[in-house]
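Heads up: numbering here begins at 1 and tracks the sequence.
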Amino acid sequence: MDVLSTQRLSWAIGVVVLTGLLDFWRRLHYHRSLSKNLPGPPRSYLFGHIISMGKIVAKQPRSAAPQTYSMHVKEAYGLGEWFCLDAWPLGPVILCTFLPEMMHEFTVKHSALKHPAVAEFMENFGGDGNLVSAEGATWKKWRSAFNPGFSASHLMTMVPAIVDQCTTFCKLMDEHAKMEDLFRMEPATTRLTVDIIAKVVMDHDLDSQTSPNDLVDAFI
């Protein structure tokens, strides 16, 4: 009876493992077919573009801004103005484009739906149903509520405050240039951005560019 139970258990485990493998290969084939015959770095059926992408990542500094990654891939493999990156199962297939006409096509002329990853990411900051990840009528309703704040006449009244913050930023950049030191631009630009938002939206000076600030430090 024990042998029979062990045998049945082995068969059950085998079936579960086989089912999992078959589902993995089904999903793998689906994702690889999305980028098949499309421009991109060297790829393989099993790993997609993961190996090619990893070679570029290995050459980048640890603190390099991720926004520059696609440009480095483009230059390293001599790619055109648009290409695909297939890193599944590490992430979804990505379309990278450097053509303003193409960007306008799927963001303005024919506004495509946002990827589910946008909602997943923004939920950490704005909760469920935030303006950034909203779609259609919901987005239009709440976006129109902000229109008065983005009118040209109102924005012109904000220019002096924005210029003051940018002047402080320029002075800090001048100091770094004189010292010829290596520093990260992201924290500096983040402090500039938050200081501008605080002044424009709340009429409050955080002065995080020149002094410590707990609120801004939480973003960095």
Side-chain angles (χ1 to χ4, degrees), residues 31 34 63-71 81-85 87-88 90-173 183-220:
H31 283 88
L34 294 177
S63 57
Q67 294 86 348
T68 65
Y69 178 74
S70 57
M71 177 61 74
E81 296 302 310
W82 69 274
F83 55 88
C84 290
L85 294 176
W88 193 88
L90 302 182
V93 178
I94 302 172
L95 170 65
C96 301
T97 177
F98 299 88
L99 291 171
E101 299 84 0
M102 182 181 286
M103 300 175 192
H104 182 272
E105 186 76 19
F106 56 71
T107 59
V108 179
K109 187 175 181 180
H110 302 291
S111 182
L113 294 176
K114 300 179 179 71
H115 192 278
V118 176
E120 294 174 6
F121 177 78
M122 289 306 303
E123 187 174 354
N124 298 313
F125 303 94
D128 186 28
N130 61 82
L131 182 61
V132 176
S133 60
E135 299 278 9
T138 301
W139 177 89
K140 187 175 182 180
K141 172 185 176 182
W142 291 109
R143 177 61 181 82
S144 62
F146 287 88
N147 286 343
F150 289 97
S151 65
S153 58
H154 178 68
L155 290 177
M156 289 304 296
T157 65
M158 301 289 103
V159 170
I162 296 174
V163 170
D164 288 343
Q165 298 298 334
C166 290
T167 300
T168 301
F169 178 79
C170 290
K171 290 179 180 178
L172 293 173
M173 295 300 104
F183 70 100
R184 292 188 62 192
M185 284 288 292
E186 185 177 3
T189 53
T190 298
R191 292 181 184 280
L192 168 64
T193 303
V194 177
D195 277 0
I196 291 176
I197 293 174
K199 185 62 178 177
V200 170
V201 177
M202 301 183 293
D203 193 24
H204 183 72
D205 293 313
L206 295 179
D207 295 324
S208 70
Q209 295 189 87
T210 56
S211 60
N213 184 280
D214 291 339
L215 175 63
V216 182
D217 289 343
F219 286 92
I220 300 175

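Taking every heavy atom of both residues into account, Asp217 and Arg191 meet most closely at OD1-NH2, 2.9 Å. The shortest non-hydrogen separation linking Pro160 to Thr157 is CD-O, 3.6 Å. Between Val93 and His31 the shortest heavy-atom distance is CG2-O, 3.9 Å.
Put simply, the side chain of Met103 does not reach to within 4.5 Å of the side chain of Leu99, judged on heavy atoms. In this structure, the side chains of Thr97 and Phe106 come closer than 4.5 Å at one or more pairs of heavy atoms. The closest side-chain heavy-atom distance from Asn147 to Ser144 is below 4.5 Å. By the 4.5 Å heavy-atom criterion applied to side chains, Glu135 and Trp139 are not counted as neighbours. A heavy-atom distance below 4.5 Å is not found between the side chains of Phe169 and Asp195. Within the 4.5 Å cutoff, the side chain of Met158 has no heavy atoms near those of the Val163 side chain. Between Cys96 and Leu85 there is a side-chain heavy-atom pair separated by less than 4.5 Å. A heavy-atom distance below 4.5 Å is found between the side chains of Phe146 and Leu131.
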Worksheet entry | Candidate pair Glu81 and Met102, rule side chain to side chain contact (heavy atoms under 4.5 Å, CB included), full reasoning | CA-CA 10 Å; Glu81 296 302 310; Met102 182 181 286; over 6 Å; no
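At most 12 heavy atoms of other shown residues, nucleotides or ligands fall within 6.0 angstrom of atom CE in Met156. The number of heavy-atom neighbours closer than 6.0 Å to NZ of Lys114, taken from other residues, nucleotides and ligands shown, is above 12. For Phe121, the CZ atom is loosely surrounded, since the number of other residues' heavy atoms within 6.0 Å does not exceed 12.
Between the CH2 atom in Trp142 and the CG atom in Asn130 there is a gap of 12.5 Å [rounded to 0.5 Å]. The distance from the CD atom of Glu120 to the NE2 atom of His115 is 8.0 Å, given to the nearest 0.5 Å. For the atom pair SG (Cys170) and CG (Leu192), the distance works out to 8.5 Å, reported to the nearest 0.5 Å. Here the CG atom belonging to Asp205 is positioned 10.0 Å from the OG atom belonging to Ser211, to the nearest 0.5 angstrom.
Although no hydrogens or angles enter the test, the distance criterion places a donor-acceptor pair under 3.5 Å between the side chain of Ser151 and the main chain of Pro148. The backbone N or O of Gln165 lies less than 3.5 Å from a partner atom in the side chain of Gln209, making a donor-acceptor pair.
A salt bridge is absent between Asp207 and Lys199: the closest approach of a Lys/Arg side-chain nitrogen to an acidic carboxylate oxygen does not fall below 4.0 angstrom.
Only one option out of Leu206, Thr189, Asn213 pairs with Val194 in a side chain to side chain contact (heavy atoms under 4.5 Å, CB included); it is Leu206.
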